[in-house]
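Shown next, in structure tokens, is the structure this report addresses.
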Amino acid sequence: MTTAKADNVSLSWYEASARQRIDAFVDAGSFAELIGPELREMSPHLAIFDLPEQFDDGIVVGRGRLDGVPVLVAAQEGRFMGGAFGEVHGAKLTGLLRAARALHQDVLILFDTGGVRLQEANAGELAIAEIMRAVIEARRAGIHVLGLIGGRAGCYGGGSLIAGTCSRLIVSEQGRISVSGPEVIETNKGIEEFDSRDRALVWRTMGGKHRYLIGGADAFVDDEALAFRQAAIDALKTMRGCDVAVLEAEQKRLERRLQRFGEAADAVEIWQALGIDQPTGIPALPTAAFLRAASNRENADDAR
Amino acid sequence: MTLDDTLASLFPNGSKIATTGAMIAGQAILPDGGPVHVLGVTQGQPLGVDEAIVLAGRVIEIVKSGDRAPILVLVDSASQRMSKRDELLGLSEYLSHLAKSLLLAEAEGHRTVGLLYGGSAAGAFIATALATATLVALPGAHPAVMDLPSMARVTKLPIDVLKAKAEATPVFAPGLDNMMQTGGIHVVWNESAPLAPQLAAVLRRPQGQDDRARLGAERGGRRKAAEIADRVVTLAAAAHQGAQHG
């Protein structure tokens, strides 16, 4: 039997590839891929655009163990097509979520995505819808679907909507969650609405710290594989299910957010309203100090 | 067809539907005398945090009423609202919450039908029309992930080149035919015939699994998705059995 332990070498989640993340995240030697790159299930659509394919279509799905418990894992590769959802990429995740229901095993989704892959936009958009449905069906069967967000590509577009269906979200500071990306807002609404080159603005509006402070994420961790691993082990012990009580609680939570912060012009105003002493100092705080400052944050409290 | 014409054709027995800004909500009577809930986003408006929370709240109220009546979601929207405020407040959670409330309603025994009668795009399309159990459309509806000019900017391809490629495949370009071929839309209704019986026919469909990928394969617009998803399920089950017996 494999020991319930990962390789305990420090690994930056942000810098790592999808395969490196999985190796460092699950119990050492426990991962077995489904439809691996040797099967060369590639996108049938990228050739139309003279773009190179990748043998795994930018996502790794398979089985593994987390602290000894069998789980299913999917990891997106943000360095291939920005981790975007195409037909094959999306179908692998849909299949994994349906398998979770059949096997009654929890699912961990390691997001790293710009959203729908435009070169196969209709197939990608439908994949998002199919995945969201499969997540809710799994959750209603008592399965946890955890989202882990801290990759290079962040979690944008349709990816952020899938994240919104997950039972718990674990983020690092680098974990940006947003529907419209900074460039998309600027292109459509102008630089006065959003200056995509203002990196500080991007991080404080969409980054992991802000999401954690408003209750948009459940756990905030260092940019390290082992920190994500421990947070996931802890998250699997929390409440399961997705019934009317959960969504009613989420309704109240999201209404409250609009009431409390709906008039704020910037993230710093929201942090101030949360009672944080030095709100402008939040972006610079290391994790431990940030978590102390965040003690009065809005908590999702399983209302997700 | 205007919204009023559409509602009149859908509900000859009468309806009580109120419009608030870009949103509609109300109730109507089906040909068999049963009630149907109606809600939606109209006038081609974007869907932001303020609209999504109201629509989701309405769906949750319907589920809590326990009446198990069908829910018809009418959609003529733009995309998600692209603004700093919406993203600052966590738009992804609001759109997901709306989609989840519709999926919950279906799981709790309400038939959910989406009717795309105008435009819709990206996050707004996912959170409304694509979160219903059966999506139908009227001729002239125009779903999109992104319009071709924006797509040309992002892919750095001239728009003429994109248009030429769109002739060869339904997989990326906007439009009703393409969304039909990829399996996202169950059927396009005949607008010169009364809509009420066409809605009744959709409501008679057996409630079941997500069949969009299978439709996409049958129609030739999405040949791989269903097979890949099924294969993952089969392989995972086989590996699980092997692990238990090994």
Side-chain angles (χ1 to χ4, degrees), chain A residues 32 34-35 41 44-45 48 61 63 87-88 91-92 94-96 98-99 102-103 116 118-123 125-130 132-133 136 140 158 160-161 163-165 177-180 184-185 188-189 193-194 205-206 214 216 244 247-248 250-251 254-255 257-258 261-262 264 267, chain B residues 49 53 56-57 60 63-64 80 82-84 87-97 99-101 103-104 107-108 123 125-127 130-131 145-146 151 153-155 165 168-172 178-179 182-184 210 212-213 222-225 228-233 235-237 239-240:
Chain A
L34 301 167
I35 311 191
E41 284 293 356
H45 310 299
I48 303 166
V61 302
R63 317 161 58 242
E87 179 173 356
V88 171
K92 285 165 82 173
T94 307
L96 194 77
R98 291 182 187 157
L103 304 178
V116 169
L118 286 180
Q119 291 81 1
E120 38 193 298
N122 296 326
E125 185 102 333
L126 292 177
I128 302 282
E130 287 161 348
M132 290 170 71
R133 168 174 291 261
I136 296 308
R140 287 182 61 85
S160 75
L161 268 74
T165 61
I177 306 171
S178 171
V179 188
S180 310
V184 173
I185 302 176
N188 284 281
K189 301 292 162 186
E193 178 71 22
F194 207 96
T205 308
M206 302 168 176
I214 63 172
V244 68
L247 285 190
E248 201 180 7
E250 183 171 62
Q251 177 78 20
L254 295 177
E255 283 174 357
R257 187 186 295 168
L258 291 187
F261 311 126
Chain B
V49 294
I53 197 69
I60 292 167
V63 174
K64 281 176 67 189
Q80 74 273 9
M82 295 172 182
S83 81
K84 180 184 173 186
E87 295 301 346
L88 186 64
L89 291 167
L91 179 60
S92 58
E93 288 181 87
Y94 289 82
L95 295 182
S96 289
H97 179 64
K100 284 188 286 189
S101 68
L103 293 167
L104 171 83
E108 297 284 340
F125 191 41
I126 295 173
L130 289 178
V145 179
M146 191 182 260
M151 212 175 261
R153 255 197 322 270
V154 176
T155 59
K165 290 183 191 300
T169 172
V171 83
F172 76 91
N178 290 341
M179 198 49 76
T182 46
D210 194 336
R212 290 174 286 194
R222 208 158 45 116
R223 295 172 190 276
K224 296 205 80 156
I228 293 277
D230 287 348
R231 187 147 35 115
V232 171
V233 174
L235 288 170
H240 181 69

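Throughout, a chain's letter reflects where its sequence line sits, starting with A, and its residues are numbered from 1. Hydrogens, waters and symmetry mates play no part in the numbers below; they use all other heavy atoms, side chains included.
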Checklist line | Part of A:I35 within contact of chain B (heavy atom distance under 4.5 Å) | finding: both
Checklist line | Top contributor to chain B interface from A:I185, A:T205, A:L126 [non-hydrogen pairs under 4.5 Å] | finding: A:L126
Next item on the list: Supply the atom-to-atom distance A:E125 CD to B:M146 CE, rounded to the nearest 0.5 angstrom.
Entry: 10.5 Å
Notebook entry, point to check: Would you say the side chains of B:E87 and A:S178 form a donor-acceptor pair under 3.5 Å?
Noted result: yes
Notebook entry, point to check: Quick one: what part of A:K92 sits under 4.5 Å from any heavy atom of chain B, side chain, backbone, both or neither?
Noted result: both
Item checked: Partners passing salt bridge (charged side-chain N to carboxylate O under 4.0 Å, His left out) against B:E108 (at least two apart in sequence or in another chain) -> A:R140
Checklist line | Region of A:L258 in contact with chain B, defined by heavy-atom distances below 4.5 Å | finding: both
Notebook entry, point to check: So which part of A:F261 gets closer than 4.5 Å to some heavy atom of chain B, the side chain, the backbone, both or neither?
Noted result: both
Item checked: salt_bridge(A:E120, B:K224) N-O dist < 4.0 Å -> no
Notebook entry, point to check: Are the side chain of A:R257 and the backbone of B:L89 linked by a donor-acceptor contact shorter than 3.5 Å?
Noted result: yes
Check: Is A:E193 reaching over with its side chain to a backbone N or O of B:K84, donor-acceptor style, under 3.5 angstrom?
Finding: yes
Note to self: Which residues pass the side chain to side chain contact (heavy atoms under 4.5 Å, CB included) test with A:V184, not counting sequence neighbours?
What the structure shows: A:S180, A:N188, B:M82
Check: Who wins among B:S96, B:A237, B:A213, B:P170 for the most heavy-atom pairs under 4.5 Å with chain A?
Finding: B:S96
Note to self: Need one label for A:I214: side chain, backbone, both or neither, based on atoms under 4.5 Å from any heavy atom in chain B.
What the structure shows: side chain
Item checked: Proximal component of B:A131, with respect to chain A [non-hydrogen, under 4.5 Å] -> backbone
Next item on the list: Using non-hydrogen atoms and a 4.5 Å limit, figure out which bit of A:V116 sits close to chain B: side chain, backbone, both or neither.
Entry: side chain
Next item on the list: Could you tell me which portion of B:T169 (side chain, backbone, both or neither) has an atom closer than 4.5 angstrom to a non-hydrogen atom of chain A?
Entry: side chain
Notebook entry, point to check: At a heavy-atom separation under 4.5 Å, does A:A102 approach chain B through its side chain, its backbone, both, or neither?
Noted result: neither
